[in-house]
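Take a look at the structure set out below.
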There are 2 protein chains.
Amino acid sequence: MKKKTHTECLSALIPVRDTLDMIGGKWKILILISLWEGNKHFREIERSIPKLSTKVLAKELKDMEENKLITRTVVNGFPVRTEYTPTEYSKTLQKVIKELQNWGVKHRQEVFGKTK
Amino acid sequence: MKKKTHTECLSALIPVRDTLDMIGGKWKILILISLWEGNKHFREIERSIPKLSTKVLAKELKDMEENKLITRTVVNGFPVRTEYTPTEYSKTLQKVIKELQNWGVKHRQEVFGKTK
DNA sequence: TTTTTTGATTACCAAAAGGTAACTGATTAC
DNA sequence: GTAATCAGTTACCTTTTGGTAATCAAAAAA
């Protein structure tokens with residue numbers, strides 16, 4: 001009754017891979033969090049995420065724009081500011097990312113002392 | 001009332017990073033799914049995940065054993081079989097991974113035609 | 001006028017990740 | 001004897017990733 005065919009086994013892999021293509025890697029999720037927290041500008045985002053370099057941020061933002069997770073708007077003005085904003089669609093990822101966060105919190109309690 | 005300090009902003013990043021350290025990268029989640037589906041042996045796992053190479057699988061399994069996501073048992077016998085089994089602890093990740101899968105399914109509907 | 005700042009991009013080079021194929025060692029099938 | 005299977009390991013080489021620093025453009029400060 002629980003027997004799965006080879007193909008069925010793989011059926012879970014495809015959607016997971018799709019998701020990882022969108023938000024996989026070290027940075028994309030962290031960038032989304034930063035944007036959801038209200039950061040808008042390149043330097044702002046860069047500073048909010050330790051260890052993230054200029055070049056990698058630029059590349060990740062490009063990817064994410066292509067994937068419709070963010071929009072880029074150039075605001076004409078004195079020092080020319082660029083605004084990155086998370087799309088509505090990106091917000092469908094909040095539940096997933098919240099779960100990643102929750103697990104991380106519990107894991108940390110597991111690894112380092114549990115207070116009780 | 002909704003204002004967040006810089007430090008609070010980062011507070012979400014740390015647990016997410018912790019989680020990604022455990023199951024980040026292209027393969028670990030897929031390997032877990034394969035194991036949960038019942039695959040136990042090296043070649044079995046390898047064959048169940050397209051594009052996964054021997055070398056990478058060996059490395060990932062090592063990492064995952066260190067991280068207590070799986071256990072490795074060598075079954076003495078004719079062609080020497082090794083069994084990989086997901087730990088109980090790894091199962092605490094099932095909810096997270098299920099969310100990744102759900103999102104991927106919906107995303108695919110979004111990208112390719114929605115049937116309705 | 002020269003320097004500095006902010007925002008962002010690009011070139012250059014180093015490090016890490018990853019693929020392929022060969023090989024080990026034991027056993028079973030042909 | 002020959003070939004194939006299982007579970008890897010190792011060597012070699014390519015691709016990807018990533019860091020640093022230089023650069024561009026425009027404006028404000030000196």
Side-chain angles (χ1 to χ4, degrees), chain A residues 6 9 13 16-18 20-32 34-35 37-67 69-86, chain B residues 6 9 13 16-17 20-32 34-35 37-67 69-87:
Chain A
H6 187 66
C9 169
L13 299 189
V16 170
R17 233 199 266 253
D18 285 346
L20 293 180
D21 284 343
M22 293 284 280
I23 56 166
K26 271 189 196 146
W27 305 110
K28 293 198 178 68
I29 291 177
L30 306 183
I31 293 167
L32 278 177
S34 178
L35 291 170
E37 290 287 340
N39 294 314
K40 285 174 173 6
H41 305 294
F42 194 92
R43 293 287 167 210
E44 220 173 28
I45 301 162
E46 189 177 9
R47 279 191 295 263
S48 74
I49 303 172
K51 305 274 176 194
L52 174 56
S53 76
T54 316
K55 185 183 160 184
V56 172
L57 178 55
K59 194 212 144 232
E60 297 292 69
L61 288 172
K62 228 172 254 171
D63 286 355
M64 292 167 77
E65 204 195 342
E66 274 173 27
N67 282 333
L69 292 181
I70 60 174
T71 53
R72 200 185 97 114
T73 347
V74 179
V75 182
N76 299 61
F78 322 110
V80 180
R81 309 206 97 200
T82 311
E83 274 194 18
Y84 296 93
T85 42
Chain B
H6 187 66
C9 169
L13 299 188
V16 171
R17 234 200 266 255
L20 294 179
D21 284 344
M22 293 285 282
I23 55 167
K26 272 189 195 146
W27 304 111
K28 294 198 177 68
I29 292 177
L30 306 183
I31 293 167
L32 278 178
S34 178
L35 292 169
E37 290 289 339
N39 294 315
K40 286 176 172 9
H41 305 294
F42 193 91
R43 296 287 171 211
E44 217 173 28
I45 301 162
E46 190 178 7
R47 278 192 296 262
S48 73
I49 304 173
K51 307 275 176 191
L52 174 54
S53 75
T54 315
K55 186 185 161 182
V56 171
L57 177 56
K59 194 212 144 231
E60 296 292 72
L61 288 171
K62 231 173 250 170
D63 286 353
M64 293 167 77
E65 204 195 344
E66 273 173 27
N67 282 331
L69 292 180
I70 60 175
T71 52
R72 200 186 95 116
T73 347
V74 178
V75 183
N76 299 61
F78 324 110
V80 177
R81 308 209 96 202
T82 311
E83 272 194 17
Y84 294 94
T85 42
T87 60

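A note on names: the letters A, B, ... follow the listed sequences, proteins ahead of strands, and every chain is numbered from 1. The basis for the numbers below is simple: all heavy atoms, side chains too, and nothing from hydrogens, waters or symmetry mates. All values derive from a computational prediction rather than experimental measurement.
The distance between atom CG of A:Leu61 and atom C1' of D:dG18, rounded to the nearest whole Å, is 16 Å. At whole-Å resolution of the value, CD in B:Glu83 and C1' in D:dA7 are 13 Å apart. Rounded to whole angstrom, the span from the CD atom of A:Glu60 across to the C1' atom of D:dT17 amounts to 10 Å. Rounded to an integer number of Å, the gap from CZ of A:Phe42 to P of D:dC24 is 18 Å. Regarding A:Leu57, its CG atom lies at a distance of 10 Å from the C1' atom of C:dA8, rounded to whole Å. When rounded to the nearest whole Å, the span between CD of B:Glu46 and P of C:dT20 equals 11 Å.
Contact annotation: A:Ser53 side-chain N/O to D:dG18 OP1/OP2 distance is not under 4.0 Å. Put simply, A:Tyr84 has no side-chain N or O that comes within less than 4.0 Å of OP1 or OP2 on C:dG7. Within the structure, a side-chain polar atom (N or O) of B:His41 is placed less than 4.0 Å from OP1 or OP2 of D:dA7. For the pair A:Arg72 and C:dT9, the criterion of a side-chain N or O lying under 4.0 Å from OP1 or OP2 is met. For the pair B:Lys62 and D:dT9, the criterion of a side-chain N or O lying under 4.0 Å from OP1 or OP2 is met. Side-chain nitrogen and oxygen atoms of B:Arg47 include at least one within less than 4.0 Å of the OP1 or OP2 phosphate oxygen of D:dC6. Of the side-chain N and O atoms in B:Thr82, one or more sit less than 4.0 angstrom from OP1 or OP2 of D:dG8.
Note on A:Lys51: only backbone sugar-phosphate atoms sit closer than 4.0 angstrom, heavy atoms only; bases stay farther off.
Side chain of B:Val56, nearest nucleotide from C:dG19, C:dT9, D:dA7: C:dG19. Closest contact between the side chain of A:Lys55 and the listed nucleotides C:dG18, C:dA11, D:dT9 involves C:dA11. The listed nucleotides are D:dT9, C:dT9, D:dC6; the one nearest the side chain of B:Arg81 is D:dC6.
At a threshold of 4.0 Å, the pair A:Lys40-A:Glu83 does not count as salt-bridged, since none of the basic side-chain nitrogens sits closer than that to a carboxylate oxygen. In this structure, B:Asp21 does not pair ionically with B:Arg17, as no charged nitrogen and carboxylate oxygen lie closer than 4.0 Å. A salt bridge does not link A:Lys62 to A:Glu65: none of the charged nitrogens lies less than 4.0 Å from a carboxylate oxygen.
Across all strands shown, D:dA3 forms a Watson-Crick or G-U wobble pair, both distances under 3.5 Å, with C:dT28.
Counting only heavy atoms from C-beta outward, the side chains of B:Ile23 and B:Met64 never approach each other to under 4.5 Å.
Looking at every heavy atom in both residues, A:Leu57 comes nearest to A:Phe42 through CD2-O, 3.6 Å.
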